[in-house]
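I have placed the structure first, in the form of structure tokens, so that the comments after it can refer back to it.
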Amino acid sequence: MANIEINTTSVQRRLQQAARDAGRNPEDILLLAVSKTRTSAQVRLAVDSGLSSFGENYLQEAVEKIDQLTDLSISWHFIGPLQSNKTRQVAEHFDWIHTVDRLKIAQRLSNQRPADRAPLNICLQINIDNEPSKSGLTPEQAIEVASSIAALPNIRLRGLMAIPKPSNEPAEQRQPFARLRALREEINGTLDNSQKLDTLSMGMSGDLEPAIHEGATIVRVGTDIFGPRS
Ligand SMILES: *Cc1c(COP(=O)(O)O)cnc(C)c1O
């Protein structure tokens, strides 16, 4: 089994180095450990290694783990595709969702958020490379819906998320991240001061450095922390 503690230390070093190279404060970047397909025992090991925010893609699997780990202080992020008939589970169990791709989903999450919980933090998923098969809003659609979503109670629109087309060319890797950052600025121009977006969820195991260079505030890392998924 991969050594989660050693891997975590090594990813944290990469994050810190990339932040320094970009002239940024490493503390402004959250390392989100992507724990899809991992057991709750593996999540415990990751918490022992210093991680406290975890990302899950599959609702049923996620809710089981959340229920098994209530003794730990974990911030849970939903990062998988979400159908509108499954919003309640996200509203009840999670602190963040990165994959909101239409107003209707945001409205349901706002309506279903329990009154005793802090507002649910939301990112809009953007199809930043305009890939026909990918989920997410086009940049134009995001500009259109952002202010309506930002105005909903019980949720808080925090920023944008994207999964760019894979590329091994460092120079090419930065371009979609730069576009996502520019889109956040454009959307911020349409929002009230109290609603400005502060989050860019971008960068995974293979491209966290270019994402940090372009302003990522959350990097989502699975493989390089937990080892390859089977
Ligand atoms: C699985 C997943 C990740 C993590 O990918 P790795 O390459 O394993 O680091 C990040 N973001 C999303 C949305 C994912 O589904």
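Remember, it's 1-based here, ligands and their atoms both numbered in the order they're listed.
- Close approach of ligand 1 to Asn57 is summarised as follows: ligand atoms under 4.0 Å from at least one heavy atom of the residue are 14 (C), 15 (O).
- Scanning the protein heavy atoms around atom 10 (C) of ligand 1, the nearest turns out to be Met204 SD, 3.2 Å.
- Asp101 has no carboxylate O lying under 4.0 Å from a charged side-chain N of Lys134, or vice versa, which leaves the two without a salt bridge.
- Side-chain polar atoms of Arg13 and Gln16 form no donor-acceptor pair below 3.5 angstrom.
- Counting heavy atoms under 4.0 Å from ligand 1, residue Gln125 does not touch it at all.
- Every atom of ligand 1 with a heavy atom of Arg220 under 4.0 Å away is listed here by number and element: 4 (C), 9 (O), 10 (C), 11 (N), 12 (C), 13 (C).
- Atoms CZ and NZ, from Phe78 and Lys36 in turn, are 10.5 Å apart once rounded to the nearest 0.5 Å.
- Heavy-atom proximity to atom 7 (O) of ligand 1, evaluated over Leu32, Thr223, Ile79, is greatest for Thr223.
- For CG of Asp198, the number of neighbouring non-hydrogen atoms (other residues, nucleotides, ligands) closer than 6.0 Å is greater than 12.
- Within ligand 1, counting atoms from 1 as listed, the ones closer than 4.0 Å to a heavy atom of Ile163 are 13 (C).
- By the 4.5 Å heavy-atom criterion applied to side chains, Arg108 and Ser84 are counted as neighbours.
- Heavy-atom contacts of Met161 reach the following atoms of ligand 1: 13 (C) (cutoff under 4.0 Å).
- Annotation for ligand 1: atoms under 4.0 Å from non-hydrogen atoms of Val221 are 9 (O).
- In this structure, Asp224 falls outside the shell of residues with a heavy atom less than 4.0 angstrom from ligand 1.
- The single protein non-hydrogen atom nearest to atom 2 (C) of ligand 1 is Lys36 NZ, 2.6 Å, given as residue, atom name and distance.
- Scanning the protein for heavy atoms near atom 9 (O) of ligand 1, the closest one is Ser205 OG, 2.5 Å.
- Using a non-hydrogen distance threshold of 4.0 Å, His98 does not register as a contact of ligand 1.
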Under the side chain to side chain contact (heavy atoms under 4.5 Å, CB included) rule, what do Val47 and Leu69 come out as? Steps first, then yes or no, please. CA-CA 10 Å; Val47 170; Leu69 296 168; over 6 Å; no
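- A donor-acceptor contact closer than 3.5 angstrom is absent between the side chains of Gln107 and Asn111.
- One distance of note links OG1 of Thr39 with NZ of Lys65; it measures 7.5 Å at 0.5 Å rounding.
- Atom OG of residue Ser167 and atom CG of residue Asp129 lie 9.5 Å apart, to the nearest 0.5 angstrom.
- In terms of polar-atom proximity, Gly222 is counted as a contact of ligand 1, with an N or O under 3.5 Å from an N or O of the ligand.
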